[in-house]
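These numbers were taken from a predicted model, which means no experiment stands behind them. Chain naming here is simple, since letters A, B, ... match the order of the sequence lines and numbering starts at 1 in each.
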Number of protein chains: 2
Amino acid sequence: MTESLSMSRQSSEALLYLTDEQLRQGIEAMFFAYRGFTDDPDRILSGMSYGRAHHRAIHFINCAPGTTVNNLLSILGVTKQSLNRVLRTLVNDGLVEARIGQKDRRERHLFLTDEGAQLEHRLSGAQRARMRAAFRQAGPEAVAGFRTVLEAMMDDTLLHHYKGLRDYPT
Amino acid sequence: MTESLSMSRQSSEALLYLTDEQLRQGIEAMFFAYRGFTDDPDRILSGMSYGRAHHRAIHFINCAPGTTVNNLLSILGVTKQSLNRVLRTLVNDGLVEARIGQKDRRERHLFLTDEGAQLEHRLSGAQRARMRAAFRQAGPEAVAGFRTVLEAMMDDTLLHHYKGLRDYPT
DNA sequence: TTGGAAAGTCAACAAGACTGACATAACCTT
DNA sequence: AAGGTTATGTCAGTCTTGTTGACTTTCCAA
């Protein structure tokens with residue numbers, strides 16, 4: 001009964017999933033899921049004198065060790081003043097090391113110290129645990145769809161950063 | 001060296017999509033996609049004296065007209081003082097109407113004015129356009145997977161809000 | 001009827017984004 | 001060698017949006 005009904009709806013409407021109501025649900029799913037996504041690291045960081053900005057910096061330095069300040073800037077999409085405030089505290093606290101470039105001595109190449117790597121691991125561990133649970137619960141096909149939609153939602157610039165961080169099998 | 005190491009890890013794990021690398025990509029996909037997701041409304045709002053917080057309030061008042069401040073509070077997950085600042089400007093500017101409750105005179109029931117509904121439409125129009133393009137590009141199966149994963153990523157509390165806003169066919 | 005709980009408001013503060021101006025050092029082209 | 005550009009760092013000030021604390025009004029139950 002319900003099956004035939006949903007069948008007829010699907011066949012009568014070519015693109016059922018593109019109604020405004022479906023789109024609204026997609027929008028709200030993004031809103032709520034992003035909250036869940038950032039919750040765990042935020043909770044860990046709230047104890048220390050760090051915030052989400054520090055987490056982001058640590059995450060991408062970990063992904064791309066030796067990256068320059070400028071590169072990090074374009075990935076994070078913030079101003080250098082904003083990033084610098086964060087980076088300064090991380091360097092002062094001994095979580096990040098900024099080495100002067102060999103080839104171009106104007107550049108600073110960023111690395112996590114052991115202590116920085118430890119914090120990164122705690123933060124991403126919490127986030128990965130949630131992601132892993134969600135992926136496991138949803139199944140491989142859903143995960144593939146999840147990534148396809150998310151990539152389609154990015155700007156080309158963002159997509160470029162996303163794909164550029166590592167080689168990424170399409 | 002590193003290659004053979006990662007290969008051995010891949011072959012030893014039955015669930016390929018749950019490797020740390022796959023999870024990391026999921027995390028970054030969320031980060032970049034959320035940026036794309038909020039970009040358009042942010043750009044529209046940056047001209048006015050409003051921000052993302054106003055957008056969120058307007059969105060959920062539109063979804064659930066007559067909602068109380070308290071209810072909105074628990075949906076948005078901020079303090080009442082924080083929401084109140086936003087709400088005050090919206091009421092003063094004539095975008096939102098706050099009617100004193102008939103039954104309980106402590107409560108304020110929130111509605112969009114015509115002008116508020118107009119702004120809501122501009123904002124959600126931009127967001128829906130991007131979502132629609134992404135959905136269309138990704139295809140129906142991917143969209144289903146996208147939503148499945150996002151729902152699995154929410155806290156139960158958030159999921160409750162998400163599902164509670166309207167009846168939502170599982 | 002009185003005291004506690006709940007809804008909402010006002011004030012002050014902090015994090016983290018922004019702009020603008022400026023400094024320094026290193027690179028690069030002429 | 002000189003001058004312009006690039007990469008980075010810094011100071012000052014503003015804006016949005018989150019926080020806590022203190023307060024009023026209203027409701028409800030002992």
Chemist: In whole angstrom, give the distance that lies between atom CD of Gln81(A) and atom P of dC15(D).
Modeler: 17 Å
Chemist: Do Arg106(A) and dT6(D) share a donor-acceptor pair, side chain to base, under 3.5 Å?
Modeler: yes
Chemist: Between Arg85(A) (CZ) and dA17(C) (C1'), how many Å, whole number?
Modeler: 7 Å
Chemist: Any chance the side chains of Glu28(B) and His59(A) put a donor and an acceptor closer than 3.5 Å?
Modeler: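 A donor-acceptor contact under 3.5 Å links the two side chains.
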Chemist: Find the distance Arg56(B):CZ to dT16(D):P and express it as a whole number of Å.
Modeler: 14 Å
Chemist: Using whole Å, what does the distance between atom P of nucleotide dG9(D) and atom CG of Asn92(A) come to?
Modeler: 12 Å
Chemist: Among the nucleotides dT19(D), dA7(C), dT8(D), which one has an atom lying closest to any side-chain atom of Lys80(B)?
Modeler: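 Within the option list, the nearest is dA7(C).
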Chemist: Assign Gly77(A) to base, sugar-phosphate, or nothing according to its heavy-atom contacts below 4.0 angstrom with the strands shown.
Modeler: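 Sugar-phosphate: the residue Gly77(A), judged by heavy atoms under 4.0 Å, touches backbone atoms but no base.
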Chemist: Let's see if you can work this out: which of dT9(C), dG9(D), dA6(C) has an atom nearest to the side-chain heavy atoms of Asn84(B)?
Modeler: dT9(C)
Chemist: Looking at every non-hydrogen atom in both residues, tell me the closest pair between Arg56(B) and Leu76(B) and how far apart they are.
Modeler: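 Looking at all heavy atoms of both residues, the closest pair is CB-CD2, 3.9 Å.
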Chemist: Taking OP1 and OP2 of dT10(D), is either one under 4.0 Å from a side-chain nitrogen or oxygen of Arg88(A)?
Modeler: yes
Chemist: Specify the separation, in whole Å, of atom NZ of Lys103(B) and atom C1' of dA6(C).
Modeler: 14 Å
Chemist: Round to the nearest Å and state the distance from His55(A) atom NE2 to dA17(C) atom P.
Modeler: 14 Å
Chemist: May I ask you to say what His54(A) touches in the nucleic acid, namely base, sugar-phosphate or nothing, with a heavy-atom cut-off under 4.0 Å?
Modeler: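 Sugar-phosphate contact only.
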Chemist: Does a distance-only test, which skips hydrogens and angles, find a donor-acceptor pair under 3.5 Å between the side chain of Arg52(A) and the base of dG16(C)?
Modeler: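 It does not, because no donor-acceptor pair links the side chain of Arg52(A) to the base of dG16(C) below 3.5 Å.
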Chemist: Choosing from dC27(C), dA17(C), dG18(D), which nucleotide comes nearest the side chain of Val78(B)?
Modeler: dG18(D)
Chemist: Is the phosphate of dT19(D) approached by Thr79(B) (side-chain N or O, under 4.0 Å from OP1 or OP2)?
Modeler: yes
Chemist: From the set dG8(C), dC27(C), dA7(D), return the single nucleotide nearest to any side-chain atom of Asn70(B).
Modeler: dG8(C)
Chemist: Within this structure, what is the CG-to-C1' distance between Leu90(B) and dT9(C), rounded to whole angstrom?
Modeler: 16 Å
